[in-house]
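Each remark here refers to the structure printed beneath this line.
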Amino acid sequence: MSLPKTLAQILFVGTQIVGKALLEAGRQAGRNARAGRVEAAAGAAGAGSGSAASPSDQLTRTHRMTLDEAKLILNLKQDVSAAGLSGGEGKTVLEQVRESMVKSYDHLFATNAPPAPKGQKGGGAGSFYIQSKVVRARERIEAEWSLLDAAKKPEADAAETPANAANKPEQSDKSP
């Protein structure tokens, strides 16, 4: 075979391969776009209903981090979820977990501090990205705890309400 003929065949076959790859990439992009619209519609329907998703799931969507991810980042072994801390010893377990989380947070925050600018002292050998992940993990866990506190408050109010309701009729009977 001659050199020009071989070069022409290589160019022709290469063009076919690239063309087929581009065509398949376009088809895949179309499938992804259709799937994205369906998922977005399903997500909007789920987020709009409110009752379908648990409060913890809503926190996960808001903070874009699951509770398990936050525990892994801060190296916490205990159950820090509202369900895990609500029973048993209660406050002492919660305080132990909070102390452990703060200790781990402080260490990781300081360790992953970005380097100081040239000519200045301080800083660390870490990166701002990792440090921000540590901060967001703490925020996610604290949001779960605020959910726990919010769940305890209505229960305490509900326990006080029947006692107050029993006293009110007696007071109203004495008034007239």
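- In plain terms, the two heavy atoms of V134 and Y105 that are nearest each other are CG1-CD1, 3.6 Å.
- Using a 4.5 Å heavy-atom threshold, the side chains of L147 and L59 count as touching.
- One finds the NE2 atom of H63 at 9.5 Å from the CD atom of E142 (value rounded to the nearest 0.5 Å).
- Using a 4.5 Å heavy-atom threshold, the side chains of V13 and I17 count as touching.
- Judged by distance alone, the side chains of R140 and T62 never bring a donor and an acceptor atom under 3.5 Å apart.
- With hydrophobic clusters built from ILVMFWY side chains whose heavy atoms lie under 4.5 angstrom apart, I73 shares a cluster with V102.
- At least one side-chain heavy atom of V97 sits under 4.5 Å from a side-chain heavy atom of W145.
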Side chain to side chain donor-acceptor pair (under 3.5 Å), that's the test. Do Q28 and R31 meet it? Break it down for me.
CA-CA 5 Å; Q28 184 64 41; R31 286 191 294 262; 2.7 Å; yes
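- For the atom pair OG of S127 and CD of Q131, the computed distance is 8.0 Å after rounding to the nearest 0.5 Å.
- Side-chain atoms of S104 come within 3.5 Å of backbone N or O of L74 as a donor-acceptor pair.
- Hydrophobic clustering of Ile, Leu, Val, Met, Phe, Trp and Tyr side chains at less than 4.5 Å, counting indirect connections, unites L76 with M65.
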For the pair V18 and L22, evaluate side chain to side chain contact (heavy atoms under 4.5 Å, CB included) and give the outcome as yes or no after the intermediate values.
CA-CA 6 Å; V18 170; L22 287 174; 4.1 Å; yes
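- Considering only heavy atoms from C-beta on, R138 comes within 4.5 Å of M101 through its side chain.
- Here the closest non-hydrogen pair linking A137 and A70 is O-CB, 3.6 Å.
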Do K103 and S100 pass the side chain to side chain contact (heavy atoms under 4.5 Å, CB included) test, and can you show the C-alpha distance, the side-chain angles, and the key distance before you say yes or no?
CA-CA 5 Å; K103 181 180 176 185; S100 173; 5.8 Å; no
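- With hydrogens and angles disregarded, a donor-acceptor distance shorter than 3.5 Å links the side chain of E69 to the backbone of T66.
- Using a 4.5 Å cut-off between side-chain heavy atoms of Ile, Leu, Val, Met, Phe, Trp and Tyr, with links allowed through other members, L108 and V135 fall into the same hydrophobic cluster.
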